[in-house]
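Handing you this structure, nothing more for now.
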Amino acid sequence: MPQSAHRLWVNATLFDGLDAAAEPMAVAVKDGRIAWLKPMSALSGADRAGFELIDAEGRLLTPGLVDCHTHLVYGGNRAGEFEARLEGKSYEEIARAGGGILSTVRATRAASEEELFAAARPRLEALMADGVTTVEIKSGYGLDVDNELKMLRVARRLGRELKVRVVTTLLGAHALPPEYKDDADGYIELVCRRMIPAAAAEGLADAVDVFCEHIAFSVAQCERVYAAAKAHGLAIKGHTEQLSNLGGSAAAARAGALSVDHVEYLDEAGVKALAEAGTVATLLPGAFYMLRETTVPPIALLRRHGVPMALATDANPGTSPIFSLRLMLNMACTLFRLTPVEALRGVTAQGARALGLPHECGRIAPGMAADLCLWETDNYAELAYSLGLPRLVQRIVAGEPA
């Protein structure tokens, strides 16, 4: 009898993470990893020996989806602010009344790890039901050492208890907490001297992120955070050029960032810096949509200079309370004019690259983790085209149905 960990998917319409195969394919999995793949026309009887055969019946087989930018762990709810904005109140008015990000900070600080886990679990399960097998989860709503670490511990626990790969990112430099209202440099000192070392010492973070923006932190302050992250062996990411062009993307690229995210106001100099560094531009159409933005990321420039484009939900309580990566495929095509191939690459191969995992996930290729999705369609464009229909037939993690 074949080993249960040795499976052979046959008659699959394949999208391997970068391109669609020209003919039906067979994909072999051994011990949780892709062993080989072949066109069906070249498959022999000997190739089938020792495998449990699974007939895809012409359905689409893709890598498991990668959501490379989320804020899934938080306390509270900001639906009331959504309603208030629609009734005419400005973000500044809401913030002055105690709303905005600091309302999430208060709720997150007040919540226990158990409460945060219970709240985050259904959010993550919604992404998993959409085909996600790898997800990045950021902190950023604690804004002090103890509460940032609390959020990261919850994120790590989600990865242990659910069948999904979780990558964690420390986003201590997300906003100024109230106790540092007039002392941004002092808060950055806390992030660099205490928060990053503590997260590294406990093994709670894979990367460090910063929000480089006029309402958050300057380029110089972000560069201090990058230096501290590198000193502790942590990867670098950046929220940059979302609301204005401060040159944050170029600074992150110079520091060796895996990705810069949002990038609506990115200029050609910044795009060239990304291209030279091999830094990924992560597009977040959910926040663009919710904030009713009008400045579109410079897609043509990114294409022209060969900058890889990832795509993510930015799932968060304030600006993108959206827990569907397939919806992001549609939004990226509709709002940003990505092609379906570009969008699907963005949630597979390029999403993995944005997390520093290009050799682990996001591709169907020999040696990669056997994280796969089988869809009720034979056309990859269908994943971005139609909304609301349950297309996922099977989600596979490390070769096992999940």
query: Looking only at heavy atoms, what is the nearest atom pair of Val307 and Thr279, with distance?
result: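 Minimum heavy-atom contact is CG1-O, 3.6 Å.
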Looking at Ile94 and Ala84, what are the two nearest heavy atoms and their distance?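 Smallest interatomic distance, heavy atoms only, reads CD1-CB, 4.1 Å.
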Please evaluate residues Glu342 and Arg337 with respect to the criterion salt bridge (charged side-chain N to carboxylate O under 4.0 Å, His left out), reporting the C-alpha separation (whole Å), side-chain torsions for both, the decisive distance (0.1 Å), and the verdict.
CA-CA 10 Å; Glu342 288 174 326; Arg337 298 297 189 266; over 6 Å; no
His232 NE2 to Cys192 SG distance, which is reported to the nearest 0.5 Å:
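Going from the NE2 atom of His232 to the SG atom of Cys192 covers 10.0 Å.
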Distance, nearest 0.5 Å, that separates CD1 of Ile322 from OG1 of Thr70:
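It comes to 13.0 Å.
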Enter the distance from Leu60:CG to Asn379:CG here, rounded to the nearest 0.5 Å.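 Going from the CG atom of Leu60 to the CG atom of Asn379 covers 8.0 Å.
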Q: Would you check if Tyr180 and Glu189 make a side-chain contact, meaning some heavy-atom pair closer than 4.5 Å?
A: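 The answer is no, as the side chains (C-beta and beyond) never meet within the 4.5 Å cut-off.
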Q) Would you say Arg193 has more than 12 foreign heavy atoms packed within less than 6.0 Å of its CZ? A)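 No, CZ of Arg193 has 12 or fewer neighbouring heavy atoms, counting only those of other groups under 6.0 Å.
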Note to self: Quick check: closest heavy atoms across Lys30 and His6, and the distance to 0.1 Å?
What the structure shows: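 What the structure gives for the nearest pair is CA-CD2, 3.7 Å.
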In terms of side-chain geometry, is the basic nitrogen of Glu360 or Arg33 positioned less than 4.0 Å from the acidic oxygen of its partner?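 Result for this pair is yes, salt bridge flagged.
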Is there a salt bridge (charged side-chain N to carboxylate O under 4.0 Å, His left out) between Lys138 and Asp314 once you walk through the steps?
CA-CA 10 Å; Lys138 301 179 189 292; Asp314 191 19; over 6 Å; no
For Phe117, I'd like to know if atom CZ has over 12 heavy atoms of other residues, nucleotides or ligands within 6.0 Å.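 Yes.
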Inspect the contact between Glu382 and Arg326 and indicate whether a charged nitrogen and a carboxylate oxygen are less than 4.0 angstrom apart.
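Here Arg326 does not pair with Glu382 in a salt bridge, since their nearest N and O are not under 4.0 Å apart.
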Handout entry: Cationic N near anionic O, under 4.0 Å, Asp19 to Arg345
Key =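 Yes, charged N to carboxylate O under 4.0 Å.
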Notebook entry, point to check: Honestly, is Arg254 close enough over Tyr226, meaning NZ or CZ under 6.0 Å from the six-membered ring centre and within 45° of the axis?
Noted result: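 No - Arg254 does not lie over the ring of Tyr226 by the 6.0 Å and 45° rule.
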| said: I'd like to know if the side chain of Lys163 reaches the main chain of Met128, judged simply by a donor and an acceptor atom lying under 3.5 Å from each other, with no hydrogens or angles considered. | reply: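 No.
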*Please determine, by modelled atom types, if Glu264 and Thr295 share a side-chain donor-acceptor pair under 3.5 angstrom.*
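Checked: Glu264/Thr295 side chains show no N/O donor-acceptor pair below 3.5 Å.
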- Item | Atom pair CG/OG1 of Asp130 and Thr313 - distance to nearest 0.5 Å |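 Here the interatomic distance stands at 9.5 Å.
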- Are Arg7 and Glu52 ion-paired here, with the side-chain N under 4.0 Å from a carboxylate O?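 The answer is yes: the pair qualifies as a salt bridge.
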Starting at CG of Leu234, measure out to CG of Asp209 and round the result to the nearest 0.5 Å.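 So the CG of Leu234 and the CG of Asp209 are separated by 12.0 Å.
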Student check: side-chain heavy atoms of Leu246 and Glu241 closer than 4.5 Å:
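SC-SC contact between Leu246 and Glu241 confirmed.
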* **Over 12 non-hydrogen atoms of neighbours within 6.0 angstrom of CZ in Phe336** =>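 Enclosed: over 12 neighbouring heavy atoms sit under 6.0 Å from CZ of Phe336.
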Restricting to non-hydrogen atoms, name the atom on Asp183 and the atom on Leu176 that form the minimum distance, rounded to 0.1 Å.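 Residues Asp183 and Leu176, closest heavy atoms: O-CD2, 4.3 Å.
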So do the side chains of Thr134 and Asp67 get within less than 4.5 Å of each other, counting heavy atoms only?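 The answer is no, as the side chains (C-beta and beyond) never meet within the 4.5 Å cut-off.
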